Amino acid sequence: MLKDKFISEILARRGELVGKKVRVCGWVHRVRDLGRIKFLVVRDRTGTIQAVLKKGETPDKAMAAAEDLRLESVVCVDGVLREAPTKEGVEVKVESLRVLNTPVEPLPLEVEGSEKALLATRLRYRWIDLRNPRVTAIFIFKAWVAKVFRDYYESQGFIEIFTPKIVAAGTESGAEVFPVLYFDKTVYLAQSPQFYKQFAVIGGLERVFEIGPVFRAEPHHTTRHLNEYHSLDIELGFIESHEDVMNYVEGFMVSLAKRIDEEPARRALETFNAEPPRIPASGIPRIKIREAYEILREVYGKEIPEGEDLDSEAEKLMGKYARENYDSDFVFIVEYPWKVRPFYTMRKDEEPQWTRSFDLLYRGLEVVTGGQREHRYNKLLENIKDKGLNPEDFEFYLDFFKHGAPPHGGAGMGLERIVMQTLGLGNIREARLLPRDTERVTP
RNA sequence: GCCGCGGUAGUAUAGCCUGGACUAGUAUGCGGGCCUGUCAAGCCCGUGACCCGGGUUCAAAUCCCGGCCGCGGCGCCA
């Protein structure tokens, strides 16, 4: 390995490393050339550190190598760490400078302050944009959210699964799918792992989760939709109702909120000046959609017809309501109308126009959808017909329910949306390394 | 899918409404120079742009039409 330590590690251990030789490998973030003395700021994923070269003190070979440096040159610097009046309190007195690569063209985007460029430009040159510490922080945070997800569900007895993304069935929750040529057949990119996570529960794994890509062929033009995103999915058996599913969703959100002071998260929140997610001690409020209609009408003068879904304005208002009345950044909206939910949703026995389902709003944006699934074969068949769908199209799925399907339910959570809402990003594309939208398929 | 707004150097912008002194301004980057403690270093010099096509006009960055691209709102969803 050329590199033995991240810059953050050198800085964290500066006490013991001062006076010793260190090696810093990274990108040239800035060059301040004062003639007989040159300062290089070297950056890696974890931070920046200053290296200094002085004519007469630094070996000529290193001085010569420094002449050809440009911004974003890739370097390894060897030298002695010493105390200095820099932001970090230390600097590297250069003894040798190795230039591993030099940009062959001027930079189309400046790393520092790249977020000031148009998002389109940043995405076009994402490999440069990504070097901006503010951008790096988003993806380190995203990885941390996924880790907390994995940690939490593993601790609750869930098994991680990996389901097919190439599927035969068409639409299952209303979202449009992308067709794919698969040998001599047309198949589709999975718009959710829905059927297969249920399959895994029915197959006896009982509690499962998956972190995987999903594909939506909707021509969105918004700041909160992607055509490809990562879904955090869970599914669990032996539940009494959708309340059990909500408890597990809530458990994850509480875990996120509790662990938010861990290093990568703390730094990201600080970078974006974001408030930690707020969940009251009493838990996330759960409001039936029937009550939400009333709240919207009476408190905000917003009319949503009974039995209709909340529109995005209504979701924003309910988010505001939860914040002001429950001191909560989250709110569950519960028991959605059957008419706006997919066929596999379990209806309430006594009130079949309502379902055992929920959405979770986070700062006024839907980030989770879930509920109890219909596990009784005959009821499932009825529901398919009631939705005007053809049972033959779902034969492979229906078969799962013929040989012992326990009562079960689950939820799907939008990873990028959780990241966006936590950090207060203006556009979900910022939370995706290489977003796919209606026009963008490169890089 | 419907609707709205936009496209000026590598990047980000001013100018457009009210066509002409625009030789298209500014910042930053980039190239060169000066400088031995800078830290978004500074100072000096230089470089570089009106999306494409058509139209109106004596005259178009500016007005009109079409195309392409970008951004956003709604819808749908995570």
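Because the structure is predicted, anything quoted here is derived from the model rather than measured.
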Please tell me if the side chains of A:Lys348 and A:Glu335 come closer than 4.5 Å, counting only heavy atoms from C-beta onward. yes
Would you mind checking if A:Lys339 and A:Glu308 are paired as a salt bridge, meaning a charged N to carboxylate O distance below 4.0 Å? yes
Separation of B:C39 atom C1' from A:Glu112 atom CD, nearest Å, is 10 Å
Restricting to ring pair (Phe, Tyr, Trp, His ring centres under 6.0 Å), what partner residues turn up for A:Tyr397, sequence neighbours left out? A:Phe195, A:Phe343, A:Phe400, A:Phe401
If you check the A:Tyr229 side chain, which of B:G1, B:G37, B:A78 turns out closest? B:A78
On a whole-Å scale, what distance lies between the P atoms belonging to B:U62 and B:C16? 13 Å
From CG of A:Asp311 over to P of B:G73, roughly how many Å is that when rounded to an integer? 14 Å
Counting only side-chain nitrogens and oxygens, does A:Asn227 get under 4.0 Å of the OP1 or OP2 atom of B:C77? no
Expressed as a whole number of angstroms, how long is the span from A:Leu361:CG to B:C77:C1'? 13 Å
Output yes when at least one side-chain N/O atom of A:Arg216 is less than 4.0 Å from OP1 or OP2 of B:G75, else no. no
Could you check how far NE2 of A:His29 sits from C1' of B:C39, rounded to whole Å? 11 Å
Which residue lies toward the 5' end of RNA chain B, A:Glu313 or A:Val52, if each is placed at its nearest nucleotide? A:Val52
Strictly below 4.0 Å: does A:Thr222 bring a side-chain N or O up to OP1 or OP2 of B:G75? no
Those residues of residues 127-148 of chain A lying under 4.0 Å from RNA chain B by at least one heavy atom: none
A:Glu72 near the nucleic acid: base, sugar-phosphate alone, or nothing, with a heavy-atom cut-off under 4.0 Å? nothing
Nearest whole Å is fine: how far is B:C76 P from A:His225 NE2? 10 Å
Please name all residues satisfying ring pair (Phe, Tyr, Trp, His ring centres under 6.0 Å) with A:His220, sequence neighbours left out, ordered by chain then number. A:His225
Could A:Asp244 and A:Arg356 be called an ion pair, given the rule that one side-chain N must be under 4.0 Å from one carboxylate O? no
For A:Val368, which contact category applies under a 4.0 Å heavy-atom criterion: base, sugar-phosphate, or nothing? sugar-phosphate
Confirm from the modelled atom types if A:Arg440 and B:C69 form a donor-acceptor pair under 3.5 Å, side chain to base only. no
In whole Å, I'd like the distance from the CZ atom of A:Phe178 to the P atom of B:C76. 19 Å
No-H, no-angle donor-acceptor pair, A:Glu91 side chain to B:G37 base, under 3.5 Å: yes
Excluding sequence neighbours, so at least two apart, what forms ring pair (Phe, Tyr, Trp, His ring centres under 6.0 Å) with A:His375? none
Between B:G48 and B:C65, how many Å separate the two C1' atoms, rounded to a whole number? 32 Å
Test item: side-chain donor near acceptor, A:Asn132 and A:Arg134, under 3.5 Å: no
Counting the atoms with a prime plus P, OP1 and OP2 as sugar-phosphate, which does A:Asp233 contact under 4.0 Å by heavy atoms, base, sugar-phosphate, or nothing? nothing
Minimum-distance nucleotide to A:Pro108 side chain [options: B:G72, B:A78, B:G10]: B:G10
Report the residues that fulfil side-chain hydrogen bond (donor to acceptor under 3.5 Å, both in side chains) with A:Lys320, sequence neighbours left out, ordered by chain and then residue number. A:Glu324
Given atom CD of A:Glu176 and atom P of B:A78, what is their separation to the nearest angstrom? 14 Å
Listed in order of residue number, which residues of residues 113-126 of chain A have a non-hydrogen atom at under 4.0 Å from RNA chain B? A:Lys116, A:Ala117, A:Leu118, A:Ala120, A:Thr121
Atom-pair distance (CG on A:Asn427; P on B:G70), nearest Å: 13 Å
Please classify the nucleic acid contact of A:Glu416 as base, sugar-phosphate, or nothing, using heavy-atom distances under 4.0 Å. nothing
Examine the side chains of A:Lys165 and A:Thr163 and answer whether a donor and an acceptor come within less than 3.5 Å of each other. yes
Show your working on salt bridge (Lys or Arg N to Asp or Glu O under 4.0 Å) between A:Lys38 and A:Glu67 and close with a plain yes or no. CA-CA 10 Å; A:Lys38 289 187 212 304; A:Glu67 288 302 314; 3.2 Å; yes
Crowding at CZ, A:Arg267 (>12 non-hydrogen neighbours, <6.0 Å): no
How far, in whole Å, is B:G54 from B:G73 if one measures between their C1' atoms? 32 Å
Residues which pass side-chain hydrogen bond (donor to acceptor under 3.5 Å, both in side chains) with A:Arg440, listed by chain and number, not counting sequence neighbours: A:Asp437
Does B:A78 have OP1 or OP2 sitting under 4.0 Å from an N or O in the side chain of A:Ser192? no
By side chain to side chain contact (heavy atoms under 4.5 Å, CB included), A:Thr48 pairs with (sequence neighbours left out) A:His29, A:Val41, A:Arg43, A:Glu88
Ignoring hydrogens and geometry beyond distance, is the side chain of A:His220 in donor-acceptor contact with the base of B:C77 at under 3.5 Å? no
Taking 4.0 angstrom as the limit, do A:Arg363 and A:Glu275 come out as a salt bridge? no
Selection from B:C39, B:C77, B:C69 that lies nearest to any side-chain heavy atom of A:Gln50: B:C39
With A:Trp338, which residues qualify under side-chain hydrogen bond (donor to acceptor under 3.5 Å, both in side chains), at least two apart? A:Asp386
Looking at residues at least two apart in the chain, or sitting in another chain, which of them share a ring pair (Phe, Tyr, Trp, His ring centres under 6.0 Å) with A:Phe158? A:Tyr153, A:Tyr248
Output row for RNA chain B, stems defined as at least 3 consecutive Watson-Crick or G-U pairs under 3.5 Å, is B:1-7 with B:68-74, B:10-13 with B:25-28, B:29-34 with B:42-47, B:51-55 with B:63-67
Nearest to the side chain of A:Glu439, heavy atoms from C-beta on, is which of B:G70, B:A78, B:C74? B:G70
Base, sugar-phosphate or nothing for A:Arg82? Non-hydrogen atoms, less than 4.0 Å. base
What is the nucleic acid contact for A:Thr86, judged by heavy atoms within less than 4.0 Å: base, sugar-phosphate only, or nothing? base
Quick one: do the A:Tyr229 and A:Arg417 side chains pair a donor with an acceptor below 3.5 Å? no
Taking protein heavy atoms under 4.0 Å as touching, what does nucleotides 25-36 of chain B look like 5' to 3' if B marks base contact, S marks sugar-phosphate-only contact and - marks none? ---BSS----BB
RNA chain B nearest-nucleotide lookup for A:Leu109 and A:Glu308: closer to the 5′ end is A:Leu109
